[in-house]
Amino acid sequence: MISVFDLFRIGIGPSSSHTVAPMRAAHRFVRTLGEDGVLADVATIEIELFGSLAATGVGHGTDKAVLLGLAGEQPESVDVTTADERFRRLSAEHRVRLPGSPTAVDFTLVLHHRFRPAAHPNAMTFTAFGRNGTVLGSRTFYSVGGGFLLHEAEDAPQDVPHPFTDAGQLLRLAGDGRISDVMLANETARRPESEVRSRLLHLWDVMRDCVDRGCRAEGTLPGGLDVPRRAPALHRRLQQHGASADPLQAMDWVALWALAVNEENAAGGRVVTAPTNGAAGVLPSVLHHYHRFVPGADEDGTVRFLLTAAAVGIVVKRNASISGAEVGCQGEVGTAAAMAAAGLTEVLGGSPGQVENAAEIALEHHLGLTCDPVAGLVQIPCIERNAVGALKAVAAARLALNGDGRHLVPLDTAVRTLRDTGADMSSKYKETARGGLAVNFLRC
Ligand code: SF4
């Protein structure tokens, strides 16, 4: 069973698959060299990026991520305020100091644009050479979405009381109870309940900090497109208006919170993958909606929201994919919307059937959504897409709560459709920036 803490990771923008996972992979590779006792003999490290990592890796910060990972950094602890400057220095010097190594070593970065690995489109190989050119170690990692690396320990079976792989099983386990209780029982088999709750509330703190920073940071986003940050102006406008007579003002707030997170993400800031970085704005936005607009919203609701959302994320990850490089944006923003819709329905008192219905509605109306980031940056269409995804999640929760939980299309069918649609989708629309808006958008 995947844990809620595998799904929600504290990381660095702009991409979980292209930034967070590559930094973790590089860090892990250096650790392996240390365990093998060859660290002191390394003279050069070659980093090879394949598939989607080669196609959009530079725009998504993969080069920065792997160098900082080799230098010993981890996504959850790297100082995001100095990361860009350190990357510029490392790139200029063309040398990196591996932790535990007496001297800095040379590195080369090779992008294999034409080769698409069969195992997964996001592949990277690290090779360490000694002074005479001998290979001291080599390892290939696959970044499978949401910051996960293929075959990680957290993907291994673990002893939990309520294992489930699909939504049908989850519903049977929940019975007349609550989906968040199923998840809580699984999580407390791994760590004390007090720790589960405090870690989830810490994730919520990080999400709120991200929104706060996004609402204050003025200017344009990096990368060359000169995309202006819109959250600060919208935030000021909403604050000036106070409680407005506009019945749709809540929509502006939901859009604001998502914009704030995704603008921070695009700027390489600190975000929580939910379930990915590109889709990191949906869930915090809907959770802010809960806290601002639902009377009686409290910490227990936050915990239940996140646990329920994670249950849906696990179902999608197990049976389809949360990787844009594998199935397009339906697997990223679509999954995030389904997770957020489920979480909101749970804390609004929905039955397990209504929760599952909300997730299905949100996912169904993202099916077929392609990934076509302009200039390979996580900005257009990603930032607005999160705002719209959050609004869809709220609408899906309300639609489900207005029903009785009975519906024709099960969530498992929508997930299977996501997987099949992703398999049929041209690679042009899978995080390669070779189709859609990425090629049709012309700047004046
Ligand atoms: S289009 Fe969607 S999947 Fe692609 S980079 Fe943007 S947010 Fe991620």
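For reference, positions follow the sequence shown, starting with 1. First listed ligand is number 1; within each ligand, the first listed atom is number 1.
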Atoms of ligand 1, numbered as shown, that sit under 4.0 Å from any heavy atom of [X]:
{"X": "Cys371", "value": "1 (S), 3 (S), 4 (Fe), 5 (S)"}
{"X": "Arg385", "value": "1 (S)"}
{"X": "Cys382", "value": "1 (S), 5 (S), 6 (Fe), 7 (S)"}
{"X": "Gly278", "value": "7 (S)"}

Q: Run the ring-centre check on Trp204 versus His288 and record whether the distance is less than 6.0 Å.
A: yes
**Q.** Option among Lys64, Arg86, Arg24 that satisfies the salt bridge (Lys or Arg N to Asp or Glu O under 4.0 Å) test with Glu73
**A.** Arg86
Q.
Using modelled atom types and a 3.5 Å cut-off, is there a donor and acceptor pairing between side-chain atoms of Arg9 and backbone atoms of Asp6?
A. yes
Q. Under 3.5 Å, side chain of Ser3 to main-chain N/O of Glu187, donor-acceptor pair present?
A. no
Q: Look at Cys329 and state whether any of its N, O or S atoms is less than 2.8 Å from atom 2 (Fe) of ligand 1.
A: yes
Q: Give the residue, atom name and distance (to 0.1 Å) of the protein heavy atom nearest atom 8 (Fe) of ligand 1.
A: Glu332 OE1, 3.1 Å
Q. Which heavy atom of Ala65 sits nearest a heavy atom of His18, and at what distance?
A. CB-O, 4.4 Å
